[in-house]
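To start, the structure under review is shown below, and the notes come after it.
Computation of the quantities below employed the complete heavy-atom set of this structure, encompassing side-chain atoms and omitting hydrogens, waters and symmetry-equivalent molecules.
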Amino acid sequence: MMDFLNQMQWDAVIPGNHDFDVSTESYRCLTRSYAGTVLAANLKDSRGQAVWPGWKLFRKNGMRIAVIGCTAPYLDQWLTPAQLNGWQASLLIPALDSLMGDVMASRPDLIILAVHLGKFTPSRLHESLDVGKNERSLYSIASRFPQIDLILGAHSHIEEAGCRFYPSVWFVQAPAHAEGLACVSVSRMPDGEMQIRSELKDISKEPEDPETETLFASWKENGVNSDRLELARLEERVRLARLLTAAVFEAVPDTAQVLFPQPDRVYGRGSVTERTVFEWFPYDNTICILELSREEFERLIQEQKALNKSSYQLFAGGEPLSFEMFRPGKNGRMKFAVSSYAAAGGGGRYPVLRECRQNPACGFQETGISVREALCRFLKKHSSCGPDFWKSL
């Protein structure tokens, strides 16, 4: 990734929440090979020190351009303590307040805020946070800091070719997954005012770039190898939720139940490769353990009912959660395995799990074992098993 950014000669990048899925420190190590500048005004490490600068002045085409970068302000709603490694992301307004004086003192012709946040911020991210409603959206940023000329948004996967926020801030958001580019042109008018135009460009029909093809040749070969490397050959159709449950039970033997937002999909007979497992579970989530009381589990059930038929609804072995599932141990609690994403709160979707994770009585543990790692191990170990084994899952 950093080789590609260097080849493209991008001046600056702003980290998003998925850049830290493995850990914040691993991403910081990765960026040391980046020739440009990482910007994150609202991110501090465990010592309270800024991890990267918050802004930088660039001189381009006779213009002084101040670029401010902010990562997603709610990292702890997606990432667990081990993934964050003590790092904290603050809200945007305090972060911008602390640096705007220096930005203005540099006498920029143009101020750009590049932020890993969309136009609208879901209310589920704020219900437990002590912030005013007017401090939750990029509209509030535009109102509070009218000196910003351009905001480049991200994260929400909602593209925007260009629109104006009150009073005069221009907002653009490129398509997700690098499926297109946001192209912005800025011109200085005779009266000194800046004219901003923007558009989105679909790149799906563009020819492959030869230099990039060369750069990614070894990476693509590894991808092909992952298709060839067979973990197991299933002679029977397998229910993925049951397969995941069996794999987690084997990875964390004393677990009583596995909760995962995985409806009861079925995978047909055939070869399972590393690519197959990635397609089943594309995120770098790890397995976490929580011990819940009956009252906590009941609250979790009510929470899941509110997510009715959502793709985020938690299941136990493919089955909806029910009171009959609760079988406590000697301490009156039942041990559940959940993903790191769910334990963090799932972007505000699982406030009960997030609260339980913070309760010492729940004995929260991070195993460090990824969901895909557990599945790959399980498939390799049982690859020689016959149809009866897979049918029994």
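Checked by atom type and distance alone, the side chain of Thr31 never pairs as donor or acceptor with a backbone atom of Tyr34 at under 3.5 Å. The backbone N or O of Asp284 sits nowhere less than 3.5 Å from a side-chain atom of Tyr341 that would complete a donor-acceptor pair. Side-chain atoms of Arg242 never come within 3.5 Å of backbone atoms of Arg239 as a donor-acceptor pair (strictly under, hydrogens ignored). When atom types are taken as modelled, the side chain of Gln173 and the backbone of Gly118 share no donor-acceptor pair closer than 3.5 angstrom. In this structure, Arg124 contributes its side chain and Gly347 its backbone to a donor-acceptor pair below 3.5 Å. Side-chain atoms of Gln304 come within 3.5 Å of backbone atoms of Leu314 as a donor-acceptor pair (strictly under, hydrogens ignored). A side-chain donor-acceptor contact under 3.5 Å links Asn42 to the backbone of Ser90. The backbone N or O of Thr121 lies less than 3.5 Å from no partner atom in the side chain of Ser137, so there is not a single donor-acceptor pair. Judged by distance alone, the side chain of Arg64 and the main-chain N or O of Ser106 form a donor-acceptor pair under 3.5 Å. Here the side chain of Arg237 pairs no donor or acceptor atom with the backbone of Val266 at under 3.5 angstrom.
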Under the side chain to side chain contact (heavy atoms under 4.5 Å, CB included) criterion, do Glu319 and Met325 qualify, and how do the steps go?
CA-CA 10 Å; Glu319 302 297 328; Met325 291 178 178; 3.9 Å; yes
Check step by step if side chain to side chain contact (heavy atoms under 4.5 Å, CB included) holds for Thr71 and Phe20.
CA-CA 11 Å; Thr71 190; Phe20 303 130; 4.1 Å; yes
Could you check His157 against His177 for side chain to side chain contact (heavy atoms under 4.5 Å, CB included), going step by step and ending with a plain yes or no?
CA-CA 8 Å; His157 296 198; His177 302 139; 3.6 Å; yes
Criterion side-chain hydrogen bond (donor to acceptor under 3.5 Å, both in side chains) on Thr80 and Gln83, from CA distance to verdict:
CA-CA 5 Å; Thr80 57; Gln83 289 170 307; 3.1 Å; yes
For the pair Asp209 and Gln7, evaluate side chain to side chain contact (heavy atoms under 4.5 Å, CB included) and give the outcome as yes or no after the intermediate values.
CA-CA 12 Å; Asp209 176 62; Gln7 177 182 282; 4.0 Å; yes
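With a 6.0 Å radius and a threshold of 12 heavy atoms from other residues, nucleotides or ligands, Lys119 has its NZ atom above the threshold. Residue Arg197 places its CZ atom among 12 or fewer non-hydrogen atoms of other residues, nucleotides or ligands, all under 6.0 Å distant. Counting non-hydrogen atoms of other residues, nucleotides and ligands closer than 6.0 Å to CG of Asp254 gives a total above 12. Within 6.0 Å of the CD atom in Gln9, the count of heavy atoms belonging to other residues, nucleotides or ligands does not exceed 12. At most 12 heavy atoms of other shown residues, nucleotides or ligands fall within 6.0 angstrom of atom OH in Tyr166. For Gln147, the CD atom is densely surrounded, since the number of other residues' heavy atoms within 6.0 Å is greater than 12.
Considering every non-hydrogen atom in both Val103 and Pro108, the closest pair reads O-CD, 3.2 Å. In terms of heavy-atom proximity, Pro328 sits nearest to Arg294 at CD-NH2, 4.4 Å. Among all heavy-atom pairs drawn from Trp78 and Asn17, the shortest one is CE3-CB, 3.7 Å. Nearest heavy-atom pair, Glu303 versus Tyr350, reported as atom, atom and distance to 0.1 Å: OE2-CA, 3.3 Å. Considering all non-hydrogen atoms of both residues, Glu296 and Arg333 come closest at OE1-NH1, 2.8 Å. Contact detail for Leu321 and Phe315: the closest heavy-atom pair is CD2-C, 4.1 Å.
Salt bridge absent: Lys56 and Asp11 never bring a charged side-chain N and a carboxylate O closer than 4.0 Å. Taking a cutoff of 4.0 Å between a charged side-chain nitrogen and a carboxylate oxygen, Glu250 and Lys380 do not qualify as a salt bridge. Salt-bridge check for Glu355 with Arg299: passed, with a basic side-chain N closer than 4.0 Å to an acidic carboxylate O.
For the residue pair Thr273/Thr276, the side-chain donor-acceptor check at 3.5 Å is satisfied. Between the side chains of Glu366 and Ser340, no donor N or O sits under 3.5 Å from an acceptor N or O.
Contact annotation: the side chain of Leu79 approaches that of Asp21 to within less than 4.5 Å [non-hydrogen atoms, C-beta and beyond]. In this structure the side chain of Arg188 reaches within 4.5 angstrom of the side chain of Met194, judged on heavy atoms. At least one side-chain heavy atom of His155 sits under 4.5 Å from a side-chain heavy atom of His116. When side chains are defined from C-beta on, Val22 does not count as touching Tyr27, because their heavy atoms never get closer than 4.5 Å. Using a 4.5 Å heavy-atom cutoff, the side chains of Leu96 and Cys70 are in contact. No side-chain heavy atom of Glu235 sits less than 4.5 Å from a side-chain heavy atom of Arg269.
The distance from the CZ atom of Arg47 to the CH2 atom of Trp87 is 10.0 Å, given to the nearest 0.5 Å. Taking OG1 from Thr286 and CD from Glu373, the interatomic distance works out to 10.0 Å, rounded to the nearest 0.5 Å. Note that CG of Asp19 and CG of Leu30 are 8.5 Å apart. Values are rounded to the nearest 0.5 Å. The CE atom of Met1 sits 9.0 Å away from the OG atom of Ser33 when rounded to the nearest 0.5 Å. Between Ile112 atom CD1 and Ile65 atom CD1 the span is 5.5 Å, to the nearest 0.5 Å.
Met334 and Val338 fall within a single hydrophobic cluster, where Ile, Leu, Val, Met, Phe, Trp and Tyr are joined by side-chain heavy atoms under 4.5 Å apart, directly or via other members. Following chains of ILVMFWY side-chain contacts shorter than 4.5 Å, one can reach Phe171 starting from Val169, so the two form part of one hydrophobic cluster. The hydrophobic clustering, which links ILVMFWY residues whose side-chain heavy atoms are closer than 4.5 Å, places Leu393 and Phe249 together.
Below 30°, between 30° and 60°, or above 60°: for Tyr139 and Phe120 the angle between ring planes is between 30° and 60°, a tilted geometry. Ring geometry for Phe378 versus His382: interplanar angle of 30 to 60°, hence tilted.
Of the residues listed (Tyr283, Tyr312, Phe281, Phe336), the one engaging Phe260 in a ring pair (Phe, Tyr, Trp, His ring centres under 6.0 Å) is Phe281, and it is the only one.
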